[in-house]
Amino acid sequence: MSDPTPPNPPANAAPEAKPRGQGRLPLRLDPVEVATAPDAGNDGGADHDAEPSGPTDAFDLPPELGDDMLPPSEPAQADTLNAAEATSVGSVEDDLVAGLTEPQREAVTHVDGPLLVLAGPGSGKTRVITRRIAYLVRQIGIPPWNVLAITFTNKAAGEMRERVGQLLTERQARAATVSTFHALCARLIRQYADRVGLPPGYSIYDTADQKNAIKTALTELEINTKNFPPASMLGTISNAKNELKDADAYAKQANDFYSRTVAKVYQKYTEVLERNAAVDFDDLLLRTVQLLRDHRDVLDELRNRYQYILIDEYQDTNHAQFMIANALGSISEDGPNQESSGGNLMVTGDPDQSIYGWRGANIRNILEFEAHYPDARIVRLEQNYRSTKTILAAADALIANNRARKHKALFTENADGEPVRVVTCYDGQHEATWVTERLREHHERGVPWADMAVFYRINSLSRVMEDTLRNAGVPYQIARGTAFYDRKEIKDALAYLRVVANPADEVTTFRVINTPARGISAATVKAIQAYALASNTPVDTILGQPSVLTAVNARAQAAVGKFSAMVQTWRDTCGLTPQDEGALIETPADPTHDVSLRQFVETVLRDSGLEAYYRNDKSDPDQERLANLGELVSSVQQFEDEFELSRDLDGIEKPATLADKLLAFLERVALVSDVDSLEAGQGAVTLMTLHAAKGLEYPVVAMIAFEDGLLPHERANHSPQELEEERRLAFVGITRAERHLMLTNAKYRTVFGQTLPTIPSRFLQELPPEVIDVEDVADEALEAQDEGFGGVQRSRAARDAGQYPPGTLVRHPQFGLGRVVQVQPMGAHTKARIDFNTAGAKTLVLQYARLEVVDG
DNA sequence: AGGTTCGAGTTTTTT
DNA sequence: ACTCGAACCT
């Protein structure tokens, strides 16, 4: 490649390379359309590009939007033309392409028509996307609200928004839509609720809700959950939805017994969701596809609005997402907008980083982009600015083992760097200790904790690592954003809010109807359900007239009536009035704007009795759950501040109603992802799964548990395709590292409380010997003896091994007296076979069995 | 109704 | 090994 432009500086030296995260863990709740608070506590302002002035100023403000999702009421076309004419200053372009390589520049300055950017790891892809958005707006004069950028996570969306904000004025940046597919779809469904056939307050069901719904379906069909586990049913249904097969379509091709059963369940499950005015994650996409397919006017409106579409991580899009992108990004075959609308679809991705095949991602979307868009321009970004030559060589050699793959010539001008350390430890505990010690060494040499990360294949591997880091006093954060919302008390609180917004949601109603206990027994609930079924009456309606429940005593009826009245009062506060069919409409003239969302949530927590319940909860002496409710309130406050701020910036005069805020909050909360809770620059080591690591980078990276069955995972080892996806996962992990990379495995791994010997991952053998440094430090664990740091237990166990010769009489706290039959020396995992007098013969691991030697 | 005990499932990855 | 739910008990 002839490239006269100076190469980019290494990523870690570039001022724009590391966007600062913002928000507090784990409550980062900035709404989808809401941008960063203006320089509130973030230092990004210092290196902002000069605020653009002149021609683009006219486009700072989108026309008045009735809702932040609505396209401008005036067609944007005319503006576009004016802007293009008006903008002819050369310096803007120079500014935006400064420091770019030729391929990067080509992608940034591409304006019309489809564009595929095949971007290797660390090749400046995000920079290209953000600069192109800025280029479109500042150089070409595209109104920013005509730009739609899709990212993989909310966090990525937030960072992209922030980086775009550094290149544009804040208002311009805000006017662009930066979102995930799911968040965009959720918003569209709310926006066009009447077209979709859902109330605006519809519920988004998470995995737990889905399980509930599927159980309901199974019960109603009288199908045994033993033979048809809900989880696998959901999986099958989810796959069908990803391929845009509805229940009917699925039923048509269901030939065997299992499929036919699934078809019935799918049908019923759909009914259950509809009955509850609820959608699952897959439905968000599916319903949007249907919306765009069945409502031409909506499609035209959205095509007109989103004339420039950019989709990141395109290798991980599924069929439904492809359909949405295709619908929005295609040129209309008819209609007046032919010239200006559509066709301007830019997708970026890397087939080697496709790691979501298991959830329906279709790698063919990116591989066949050219076939879909024959006039597509293709740009390859192959120079890596992130990693050392050594790390890149290791990654390249590994991924070269994938057969279903096109070769890519990755290269870097970065330094050689140190060898990749490939280290064998004794067991998981020792591995965690070893990694912790190395991280500490790096820290002592001046590497901030925040520059280090530990990756693993499965979440359960985080535990040992966490414990060890905590004991060692190393600050860490863990990418598990949903953990907070998975807590019972938080789910309960959110369930109340959901019931307020969506009276049809019976699943959620029954979740809270007697939580905390208010005298509505299971029998009463059954009676309500029976009556609803028999009379075909919505549950919410029955709750309002409890006297119809003749099977229930007066006291319980009164309790039901009280609950209903309470919920109704909350709805009144929100200005939500039930219509027929149980749907809610917002009373426009209701003057209750002065109740903030935070106040409202506090009211609900108080009136519902949740707060009092957790305040008096004796099983929770630290009042942790109460504190969590408090945190929830803070998160509401934070959300609300940002929500209102964004409306200010958008110049929207009409204040947000309480109902607006409530629905937006519920929507946001339903779509938090694991990495969303992560914060950069918080002085903590980051722990996460390999999947969550996609798109991130760290100077120091440790990847643990390189063992057969874990990486590649045994459940993804049945076909070459699955194995190759596992290898891509390892590739993604390795290529996150900038300077130092450690890959560890352990000789023994404890799973399900059972410690078993392991086999090293085959991926380790695929690394070229010249770039790795292999060590076996397992002996350290045994030598550690009594020196603390995890060695204590093992050394004691090892000593103990000699203390139980066969024939020794021992006492076990549970099994009582017994005699040692045989001892198998296995180091820390030394087992003894013991014949107990009453409990019979058992094999126990000495380390865990609290045996007592009995004399005589 | 609330607390306790017992058993099963857990651990693939996530919007 | 640990957590969660259902069944069982007080």
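Chain letters run A, B, ... following the sequence lines, proteins first, then strands; residues in each count from 1. Just so you know, these numbers come straight off a predicted model, no measurement behind them.
- Atom-to-atom, CZ of A:Arg715 to P of B:dG9 comes out at 14 Å; the value is rounded to the nearest Å.
- Within the structure, the salt bridge (Lys or Arg N to Asp or Glu O under 4.0 Å) test picks out the following pairs touching residues 236-245 of chain A (sequence neighbours left out): A:Lys241-A:Asp280, A:Lys241-A:Asp283, A:Glu243-A:Lys245.
- One side chain, A:Gln477 or A:Thr686, offers a donor N or O that lies under 3.5 Å from an acceptor on the other.
- Nearest to the side chain of A:Ala517, among B:dG2, C:dA1, B:dT13, sits B:dG2.
- Comparing B:dA1, C:dT3, B:dT15 by their nearest atom to the side chain of A:Ser521 picks out B:dA1.
- In terms of position along DNA chain B, the nucleotide closest to A:Asn514 lies nearer the 5' end than the nucleotide closest to the other residue of the pair A:Phe752 and A:Asn514.
- Atom pair A:Phe455:CZ and B:dT14:P shows a separation of 13 Å (rounding to whole Å applied).
- Residue A:Asn459 places at least one side-chain N or O under 4.0 Å from the OP1 or OP2 atom of B:dT13.
- In summary, the side chains of A:Asn362 and A:Tyr356 do not present any donor paired with an acceptor at a separation below 3.5 Å, with no hydrogens or angles considered.
- When the P atom of B:dT14 is taken as reference, atom CG of A:Leu284 falls 18 Å away, rounded to whole Å.
- If you check every strand for non-hydrogen atoms under 4.0 Å, A:Phe181 touches nothing.
- For A:Gln210 and A:Glu722, each mapped to the nucleotide of DNA chain B holding its nearest heavy atom, the one lying further toward the 5' end belongs to A:Glu722.
- Here the P atom of nucleotide B:dT13 and the CZ atom of A:Arg727 are 21 Å apart, to the nearest Å.
- By the criterion of a centre-to-centre distance under 5.5 Å and near-parallel planes under 30°, the ring of A:Phe281 forms no stack with the base of B:dT14.
- The side chain of A:His713 lies closest to B:dT12, out of B:dT15, B:dT12, B:dT13.
- Remark: the separation of the C1' atoms in B:dT12 and C:dG5 is 23 Å, to the nearest Å.
- Between the CD atom of A:Gln321 and the C1' atom of B:dT15 there is a distance of 8 Å, given to the nearest Å.
- Distance, A:Lys211 NZ to B:dG9 P: 11 Å, rounded to whole Å.
- Side-chain contact between A:Phe639 and A:Val669: absent, with no pair of heavy atoms (C-beta onward) separated by less than 4.5 Å.
- Here A:Trp358 and A:His691 bring their ring centres to under 6.0 angstrom of each other.
- Look at A:Thr689 and you won't find any side-chain N or O under 4.0 angstrom from OP1 or OP2 of B:dT12.
- In this structure, A:Leu461 atom CG and B:dT11 atom P are separated by 12 Å, rounded to whole Å.
- When each of B:dT13, B:dT10, B:dT15 is scored by its nearest atom to the side-chain atoms of A:Arg359, the top-ranked nucleotide is B:dT15.
- Rounded to an integer number of Å, the gap from NZ of A:Lys488 to P of C:dC4 is 8 Å.
- Rounded to the nearest Å, the gap between the C1' atom of C:dC4 and that of B:dT13 is 22 Å.
- Out of B:dT14, B:dT13, B:dT11, the shortest distance to the side chain of A:Arg457 is found at B:dT13.
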